[in-house]
Amino acid sequence: MSPETIQITLPDGAVREVPRGTTAAQIAHQISPRLAKEALVARADDQLIDLSRPLEQNTKVAILTPKDADAVQVFRHSASHLLAAAVLELYPEVKLGIGPPTETGFFYEFVRPEPFTPEDLEKIEAKMHELAAKDIPNERKLMPKPEALELYRNNQQQFKCELVEEKATDPMVSFYTTGKFVDFCRGPHIPSTGRIKAFKLMNVAGAYWKGKEGNPQMQRIYGACFVEPKQLEEYLQKLEEAKRRDHRRVGKELGLFTVSDQVGSGLPLWLPKGATIRRILEDYILEQERRAGYQHVYTPDLAKVELYKRSGHWAHYHEDMFPPMDLETEQLVLRPMNCPHHILVYENKKHSYRELPVRIAELGTMYRYERSGVLSGLSRVRVMTLNDAHIFCMPEQIKEEFAGVMRLVERAYRDLGITQYTYRLSLRDKADKTKYVENDAMWDLAENMLREAMNALGLPYTEAPGEAAFYGPKLDIQLADVMGHQETYSTIQIDFHLPNQFDLGYVGADGQLHRPVMIHRGVISTMERMVSYLIELYAGAFPAWLAPVQTVVLPITERQNAYAEEVNRKLLEAGIRSEFDGRNEKLQAKIRDAQLQKIPYMLVIGGKEAEAGTVSVRHRSKGDLGPRPLEQFSADLKQEIDMRAIV
RNA sequence: GCCGAAGUAGCUCAGUGGUAGAGCAGCCGAUUCGUAAUCGGCAGGUCGUGGGUUCAACUCCCACCUUCGGCUCCA
């Protein structure tokens, strides 16, 4: 090999000898013109680089196309630069923040005295298309750090100065230019703006500089962006679908719940139909827990503030609690968690190792002072009822108890029809001492136990530092909504802290007092959050076992009202949630209304049915199923309900 | 809590300084009908709340409340 050539190893193992200084773009050309056209960016020895970067030494090179997720992120990052370029042309006075890619596009942050209006966004978007059409190259430049700082100081870009100060570790700082727009940026970028076509500016939102409360507020312009127009189209359709399923919208349409500013923010009212769904869920999970050996209790929603001081909640959590109520001789608080109450239930008697594990469960209503800006429908509220339990066990029982909770979770998900979920091991952030109780040995022990328990079950999980509860690590089960957003629903937490705080004990085989371990767990989350999830999962069309109304009886004319009412009564007596629609309306209108209410079964009653003692069955999605004897329909539906069939 | 947008009849929404509108829902009447909206009539609003500007405010200004999109937070 002469000193003027270098060896390039391609992903398939092929080695090419090329002149030193050859670019990835040139290599792509050699491979195929089509690849060169598709290429967005290159990966050289596991690092993403511009296609135009000359290669100086032997390197493994991969040419990345839109099929590669990293390449798409680079594409979106370049789109954010296009946005900034457009904004600077229209509003040269703005100060720039950061502009990274997101999961579905990009954003860029600006500071400007006036807010960006929707009309501004239209203008900006048009300008972006204009700049894209010019196919302006994205060029990388290096500059000494002091010079970079000087440049930004002169342009009065204080946020950029801050970034250069913090992020630039090398003496030389890299910049990217897109026409007149110059941005401090690590890169890489796609070669030019021409391919950025499929984007749409979505909204402008306030965001703290560096995401830190107290920092200046930036205006963050969000855009959706994909390589192919078809993908953008699909994404926008998915957004529409999410809107259609939104539990706040469906909850209103189906009369499930409401909120009133006379009651207060985040304090939803469960209307009869929503309350029915909730009651079914509650009955269901209590039954599952009874079978799994849980004992259910009722404990008060209030307690003396001292209880929470002892547990540690007051020190670590009181910001999220409603302020105490001052009484003559004491202060009471609304509970934000149920653990201390359950601990006192455990403490009510002395426990022998023979009784462990003790599983104390409750549909525990609790109150959290959520900040006004985060409240939303049923999914973010200030009063919530958690399917809560605390297992008091010996350390050697943890693994089996953990597995038992997981069985409950998986059973419940199966019955509820929930299939999209992932496991997240939520650990403490070791650097953030204030957020967690301090005891390194205890944390390490609990974290390792969770890892072992998950490994023993052979379940895949991701680790998330900084997501633990203040008293211990947890295994969270994350459900994904229509848009793919993840939210914690089920959770299992191993806690060595509270048993210490409350000096809990059990008598071991050796006659000595030992410390039990606590497992906090929620299986179907809060009723509020789970119902909101189910509403969106089913878009309001609940499986029969969950549906607030399972059948509606529809007489064709008033002549059949008597028989139809009898049918309705028999269904009610059989334990089926049935309604009778005796309005003076045409059948079609009654069917339409029943369809819109997503009632699983419509029973059409005409002269023939009244005569024969049958019902004509229409299913909300399968349509007309024909006539059958009432008893047969009733038995079939009972079976569907008992099986908890997901139809 | 912060930034932005919005709040008009039960619901969805028109209404840009001069007497508050529609459709659906509701009520009354007619119609008695076979698988996604029958016809007619009636009723329904201190225009989120409170101040201000004006001869006159749903409309302009200020404050607050609530909702929505984000940020931060989170079951």
Side-chain angles (χ1 to χ4, degrees), chain A residues 107 109 111 114-118 120-121 202-222 243 246 248-249 252-253 255 258-266 317 319-320 336-337 364 366 368-388 426 467 469 474 476-479 487-491 520 522 524-530 532-533 554-561 583-597 602-609 616-620 623-627:
Chain A
F107 67 78
E109 292 175 346
V111 172
E114 307 78 34
F116 287 110
T117 63
D120 290 336
L121 287 196
M202 305 300 286
N203 52 35
V204 46
Y208 301 109
W209 170 236
K210 292 187 196 153
K212 243 177 120 180
E213 216 169 335
N215 275 353
Q217 191 122 23
M218 324 282 288
Q219 295 191 61
R220 188 180 277 188
I221 299 180
Y222 279 89
K243 248 192 230 161
D246 189 313
R248 291 167 300 191
R249 172 183 173 149
K252 195 181 264 186
E253 286 166 354
T258 188
V259 283
S260 160
D261 51 15
Q262 294 186 69
V263 177
S265 282
Y317 205 78
E319 295 274 304
D320 298 291
M337 293 184 191
M366 42 205 211
R368 297 184 181 177
Y369 181 60
E370 299 290 342
R371 317 236 249 146
S372 59
V374 307
L375 302 172
S376 170
L378 280 183
S379 55
R380 278 303 292 276
V381 291
R382 285 176 167 168
V383 56
M384 67 210 89
T385 298
L386 181 66
N387 161 227
D388 203 1
S426 297
E467 297 288 343
K474 43 185 193 149
D476 291 324
I477 303 173
Q478 312 284 111
L479 302 202
E487 196 72 68
T488 299
Y489 284 74
S490 310
T491 178
H520 307 236
I524 56 168
S525 183
T526 63
M527 299 307 123
E528 289 76 12
R529 192 165 268 190
M530 182 50 79
S532 77
Y533 184 82
L554 310 178
I556 293 174
T557 75
E558 283 171 4
R559 283 196 295 277
Q560 290 88 41
N561 275 8
R583 290 176 304 160
N584 179 8
E585 284 291 348
K586 286 173 73 172
L587 176 63
Q588 289 176 67
K590 295 182 185 182
I591 286 179
R592 180 184 147 84
D593 290 341
Q595 287 284 153
L596 291 175
Q597 285 297 303
M602 287 151 265
L603 303 180
V604 175
I605 307 292
K608 284 177 280 185
E609 288 78 8
S616 270
V617 181
R618 178 191 162 97
H619 184 265
R620 70 179 165 213
D624 190 351
L625 302 177

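Here is how names work: the chains are called A, B, and so on, in the same order as the sequence lines, proteins then strands, and each is numbered from 1.
At a threshold of 4.0 angstrom between heavy atoms, the contacts of A/Glu253 with the nucleic acid are absent. Contacts of A/Thr526 with the nucleic acid, taken as non-hydrogen atoms under 4.0 Å apart, include base atoms. Within 4.0 Å of A/Glu528, counting heavy atoms only, lies no atom of the nucleic acid at all. Among the heavy atoms of the strands, none lies under 4.0 Å from A/Leu386. Within 4.0 Å of A/Val381, counting heavy atoms only, lies at least one base atom of the nucleic acid. Contact annotation for A/Gly607: base contact, defined as any heavy-atom pair under 4.0 Å involving a base atom. Residue contacts shown for A/Tyr222 are limited to sugar-phosphate atoms, with no base heavy atom under 4.0 Å away. In this structure, A/Asp261 reaches the sugar-phosphate backbone alone: every heavy-atom distance under 4.0 Å involves primed, P, OP1 or OP2 atoms, never a base. A/Thr491 comes within 4.0 angstrom of no nucleic acid atom, judged by non-hydrogen atoms across all strands. Residue contacts shown for A/Glu558 include a base, since a base heavy atom lies under 4.0 Å away. Using a 4.0 Å heavy-atom distance criterion, A/Glu609 is classed as a base contact. Here A/Ser372 lies in heavy-atom contact (under 4.0 Å) with a base. Looking at heavy-atom distances under 4.0 Å, A/Leu375 makes contact with sugar-phosphate atoms alone, never a base.
Atom CD of A/Glu319 sits in a sparse spot, with 12 or fewer heavy atoms from other residues, nucleotides or ligands closer than 6.0 Å.
Between B/U35 and B/G10, the distance separating the two P atoms is 36 Å to the nearest Å. The separation of B/G52 from B/C13, taken at their C1' atoms, amounts to 30 Å, rounded to a whole angstrom. Spacing of C1' atoms, B/C65 relative to B/C11, comes out at 22 Å, to the nearest Å. Between the C1' atoms of B/U19 and B/G23, the separation comes to 24 Å (whole Å). Comparing the same atom, C1', in B/A30 and in B/G69 gives a spacing of 49 Å after rounding to whole Å. If you take atom C1' in B/G26 and the same atom in B/G44, they sit 9 Å apart, rounded to whole Å. When the C1' atom is used for both B/A22 and B/G15, the distance is 11 Å, rounded to whole Å. B/G17 sits 15 Å from B/C47 when the C1' atoms are compared, rounded to a whole Å.
Two residues are said to be in side-chain contact when any heavy atoms from C-beta on lie closer than 4.5 Å; A/Glu487 and A/Tyr533 fail this criterion. Looking at A/Leu121 and A/Ile221, their side chains come closer than 4.5 Å, going by heavy atoms from C-beta outward.
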Can you give the donor-acceptor pairs under 3.5 Å from side chains of residues 379-386 of chain A to other protein atoms, not counting sequence neighbours?
unit_1: A/Ser379; atom_1: OG; unit_2: A/Ser376; atom_2: O; d: 3.3
unit_1: A/Arg380; atom_1: NH2; unit_2: A/Glu370; atom_2: OE1; d: 2.7
unit_1: A/Arg382; atom_1: NE; unit_2: A/Glu370; atom_2: O; d: 2.9
unit_1: A/Arg382; atom_1: NH2; unit_2: A/Glu370; atom_2: O; d: 2.6
unit_1: A/Thr385; atom_1: OG1; unit_2: A/Arg278; atom_2: NH2; d: 3.1
unit_1: A/Thr385; atom_1: OG1; unit_2: A/Thr365; atom_2: OG1; d: 2.9

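In RNA chain B, runs of at least 3 stacked Watson-Crick or G-U pairs (N1-N3 plus N6-O4 or O6-N4, or N1-O2 plus O6-N3, all under 3.5 Å) give these stems: B:1-7 with B:65-71, B:10-13 with B:21-24, B:26-30 with B:38-42, B:48-52 with B:60-64.
Phosphate proximity of B/A36 to A/Arg620: absent, as no side-chain N or O sits under 4.0 Å from OP1 or OP2. Listed pair A/Lys586 / B/U35 fails the phosphate criterion, with no side-chain N or O lying under 4.0 Å from OP1 or OP2. One finds no side-chain N or O of A/Ser490 lying less than 4.0 angstrom from the OP1 or OP2 phosphate oxygen of B/A75. An OP1 or OP2 oxygen of B/C73 is reached within less than 4.0 angstrom by no side-chain nitrogen or oxygen of A/Arg380. For B/C3, the OP1/OP2 oxygens have no side-chain nitrogen or oxygen of A/Gln219 closer than 4.0 Å. A/Arg220 has no side-chain polar atom (N or O) that falls below the 4.0 Å cut-off from OP1 or OP2 of B/G4. In terms of phosphate contacts, A/Lys474 brings a side-chain nitrogen or oxygen within less than 4.0 Å of OP1 or OP2 of B/A75. Of the side-chain N and O atoms in A/Arg248, none sit less than 4.0 angstrom from OP1 or OP2 of B/U66. A/Ser265 has a side-chain polar atom (N or O) that falls below the 4.0 Å cut-off from OP1 or OP2 of B/U66.
In this structure, CE of A/Met384 is placed 9 Å from C1' of B/C74, rounded to the nearest angstrom. Rounded to whole Å, the distance from CG on A/Leu121 to C1' on B/A5 is 12 Å. At whole-Å resolution of the value, CG in A/Asn203 and C1' in B/C71 are 12 Å apart. The distance between atom CG of A/Leu378 and atom P of B/C68, rounded to the nearest whole Å, is 11 Å. Whole-Å rounding puts the A/Ile221 CD1 to B/C71 P distance at 15 Å.
Closest approach to the A/Tyr208 side chain among B/U72, B/G34, B/G70 is made by B/U72 (side chain taken as heavy atoms from C-beta onward). Taking the side chain of A/Arg529 as heavy atoms from C-beta on, and the options B/U38, B/A75, B/U32, the nearest nucleotide is B/A75.
We find that A/Arg583 and A/Asp593 are joined by a salt bridge, their nearest charged nitrogen and carboxylate oxygen being less than 4.0 Å apart. Look at A/Glu585 and A/Lys590 and you find no salt bridge, because none of the NZ, NE, NH1 or NH2 atoms lies under 4.0 Å from a carboxylate O.
Exactly one residue among A/Arg529, A/Gln478, A/Glu467 makes a side-chain hydrogen bond (donor to acceptor under 3.5 Å, both in side chains) with A/Thr488. That residue is A/Gln478.
Between the side chain of A/Gln560 and the base of B/G34, no donor-acceptor pair of N or O atoms lies under 3.5 Å. Interface remark: the A/Gln597 side chain does not form any donor-acceptor pair with the B/A36 base, using a distance-only criterion of under 3.5 Å.
Contact detail for A/Leu375 and A/Gly266: the closest heavy-atom pair is CD1-N, 3.9 Å. The nearest pair of heavy atoms linking A/Phe116 to A/Val204 is O-CG1, 3.7 Å.
Comparing A/Tyr489 and A/Lys212 along RNA chain B, the residue whose closest nucleotide (by nearest heavy atom) sits nearer the 5' end is A/Lys212. Residues A/Gly373 and A/Gly264 each lie close to RNA chain B; by heavy-atom proximity, the contact nearer the 5' end of the strand is made by A/Gly373.
Looking at A/Asn387, its side chain does come within 3.5 Å of a backbone N or O of A/Ile524 through a donor-acceptor pair.
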A/Arg618 and A/Gln595: CA distance, side-chain angles, deciding distance, side-chain hydrogen bond (donor to acceptor under 3.5 Å, both in side chains) verdict: CA-CA 10 Å; A/Arg618 178 191 162 97; A/Gln595 287 284 153; 3.0 Å; yes
